[in-house]
Chemist: 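This is the structure, below, for whatever I ask next.
All values derive from a computational prediction rather than experimental measurement.
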Amino acid sequence: MESQWMETKKMFGKEASEHFEVVELHESDKIVFRCDGTKGTTGKGEFLLIYIIASSGGQSEVTLDGEIRGLTGLSKLFRKTGGRDF
């Protein structure tokens, strides 16, 4: 399995593009995305987004966990203050 794409969005009034890929997929209960910051607008860092899906009684609960590595300066400070929109 290999899925990769570039995602572009407005951030702080400017367009920002980041390279994403699916690095792990357990059908129906877990998906892990990786954003390689070196291939996008930020030019640094690695972002892992882990979605856990728990289904019961016709409903699903989605939990998002994440990890950010390799940031410095203001980017690192922004991460520590709870910034989620990279």
Chemist: Among all residues two or more places apart in sequence or in another chain, which pass the side-chain contact (heavy atoms from CB on, under 4.5 Å) test with Gln59?
Modeler: none

Chemist: Test: side chain to side chain donor-acceptor pair (under 3.5 Å). Region: residues 48-57. Which pairs qualify, not counting sequence neighbours?
Modeler: Ser55-Ser60

Chemist: For residues Ser17 and Met6, report the shortest heavy-atom separation together with the two atoms involved.
Modeler: CB-CE, 3.9 Å

Chemist: Around Glu15, counting heavy atoms of other residues, nucleotides and ligands shown, do more than 12 lie under 6.0 Å from its CD?
Modeler: no

Chemist: With a cut-off of 3.5 Å and sequence neighbours excluded, list every side-chain donor-acceptor pair involving residues 27-36.
Modeler:
from  : atom 1 : to    : atom 2 : distance (Å)
Lys30 : NZ     : Glu24 : OE2    : 3.3
Arg34 : NE     : Glu46 : OE2    : 2.5
Arg34 : NH1    : Glu21 : OE2    : 2.9
Arg34 : NH2    : Glu46 : OE2    : 3.3
Asp36 : OD1    : Thr38 : N      : 3.0
Asp36 : OD1    : Thr38 : OG1    : 2.5
Asp36 : OD2    : Thr38 : OG1    : 3.3

Chemist: Mind checking whether Val22 and Leu48 sit in one hydrophobic cluster, side chains of I, L, V, M, F, W, Y counted as touching below 4.5 Å?
Modeler: no

Chemist: CD1/Ile53 to NE2/His26 distance, rounded to the nearest 0.5 angstrom?
Modeler: 11.5 Å

Chemist: How long is the gap from CZ on Phe47 to CZ on Arg69, to the nearest 0.5 Å?
Modeler: 11.5 Å

Chemist: Please report the closest heavy-atom contact between Gly40 and Glu18, naming both atoms and the distance.
Modeler: CA-OE1, 3.5 Å

Chemist: How many angstroms lie between atom CG of Leu64 and atom CD1 of Ile50, to the nearest 0.5 angstrom?
Modeler: 8.5 Å

